[in-house]
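Written out below as structure tokens is the structure these notes cover.
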Amino acid sequence: MSGCDKFFLCLAPAMENSDIGRRRASFSSVKKGVEHAVVDAGFESWTVLRRSLFMANFLEPKINNPMYGEVQDRGTMDASLDSEGIAKLAVAAFQDLDKFHGRAIGVASELLAAEEIMKQLGAAVGKPLGAVFMTDDEIAVQDVNAQVWVRFMSDYVDVKELGTVIRLTAFEEFLERERATVKATYL
């Protein structure tokens, strides 16, 4: 890292790994460990962007990941973020180091209940979709810790503040912009 004055890292779990249970269980602790490493590295300036789930996860090819298959099959999923939004925020952080230095920022485009997300997605494809919520026991059996994580994402996101920094994309806007892919995914 010698000579590095800017650094961008986006962590995502390798869901195709055969030891998926261990990887999912440790995902949050690994991310937290990386955040601590960045803070402790002595960078002149640092910012951590904590992303929510990407809106694109609702569409092909990402929806084909086993983690998201229920959206197509059963019409279930949780919160999301337009990937353009986190890119814009990263650029803003690089352009104004003083304003963003020392901050960990939760990033989401808007805070919608799962039922509303599915209602909007259903309207975009012309068929009803609804949210089905897993119990804690179902989560434990299926080993999907992301289901627990998304329950608390909104606690770490200040959409009002984010809106003063970048233009946020509403889910309905995203669905309109990606209309062809939405239709190809669900029809």
Side-chain angles (χ1 to χ4, degrees), residues 1-59 61-68 77-112 114 117 136 139-140 142-171 173-174:
M1 302 288 283
S2 177
C4 176
D5 64 351
K6 291 188 175 58
F7 180 70
F8 181 82
L9 174 67
C10 181
L11 298 173
M15 295 301 180
E16 70 279 356
N17 186 301
S18 61
D19 193 10
I20 194 168
R22 181 186 61 76
R23 294 192 56 87
R24 282 185 178 154
S26 66
F27 182 50
S28 292
S29 63
V30 168
K31 286 179 70 164
K32 196 57 143 173
V34 170
E35 286 185 17
H36 287 299
V38 168
V39 171
D40 296 341
F43 290 108
E44 185 177 318
S45 179
W46 61 267
T47 305
V48 173
L49 302 181
R50 295 177 177 154
R51 68 169 182 86
S52 55
L53 299 173
F54 290 111
M55 291 177 184
N57 293 347
F58 292 95
L59 308 177
K62 292 181 181 183
I63 198 166
N64 295 321
N65 179 318
M67 183 174 172
Y68 307 118
M77 189 59 168
D78 291 305
S80 58
L81 160 75
D82 186 10
S83 56
E84 290 182 10
I86 199 163
K88 290 174 186 174
L89 188 57
V91 168
F94 280 128
Q95 291 177 336
D96 193 346
L97 299 176
D98 292 334
K99 179 178 181 177
F100 291 93
H101 171 63
R103 297 186 60 196
I105 303 170
V107 186
S109 294
E110 66 181 335
L111 302 177
L112 294 174
I117 291 171
D136 289 339
I139 291 169
Q142 295 190 26
D143 194 24
V144 284
N145 291 326
Q147 293 287 338
V148 175
W149 173 63
V150 297
R151 290 179 183 174
F152 305 102
M153 254 187 318
S154 63
D155 294 343
Y156 303 99
V157 177
D158 185 343
V159 174
K160 186 175 179 179
E161 179 188 9
L162 290 172
T164 67
V165 178
I166 59 169
R167 185 185 173 288
L168 299 172
T169 304
F171 190 56
E173 262 183 278
F174 169 81

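Fair warning: this is a prediction, and the values are worked out from it, not measured in the lab. Counting begins at 1 with the first residue of the sequence.
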Taking the side chain as everything from C-beta on, heavy atoms only, tell me whether [X] gets closer than 4.5 Å to [Y].
| X | Y | value |
| --- | --- | --- |
| F100 | I105 | yes |
| E173 | E110 | no |
| L49 | L89 | yes |
| V48 | R50 | yes |
| S83 | M55 | no |
| K99 | V165 | yes |

For the residue pair [X] and [Y], what are the closest heavy atoms and their distance?
| X | Y | result |
| --- | --- | --- |
| V159 | A108 | CG2-O, 4.2 Å |
| R103 | E161 | NH2-OE2, 2.5 Å |
| T169 | F174 | CG2-N, 3.8 Å |

When rounded to the nearest 0.5 angstrom, what is the spacing between [atom1] in [X] and [atom2] in [Y]?
| X | Y | atom1 | atom2 | answer |
| --- | --- | --- | --- | --- |
| K160 | D158 | NZ | CG | 8.5 Å |
| F54 | I86 | CZ | CD1 | 5.0 Å |
| F171 | L112 | CZ | CG | 8.0 Å |
| L168 | K88 | CG | NZ | 8.5 Å |

Q: For D96 and D98, run side chain to side chain contact (heavy atoms under 4.5 Å, CB included): C-alpha distance rounded to whole Å, both residues' side-chain angles, the deciding distance at 0.1 Å, then the answer.
A: CA-CA 6 Å; D96 193 346; D98 292 334; 4.2 Å; yes
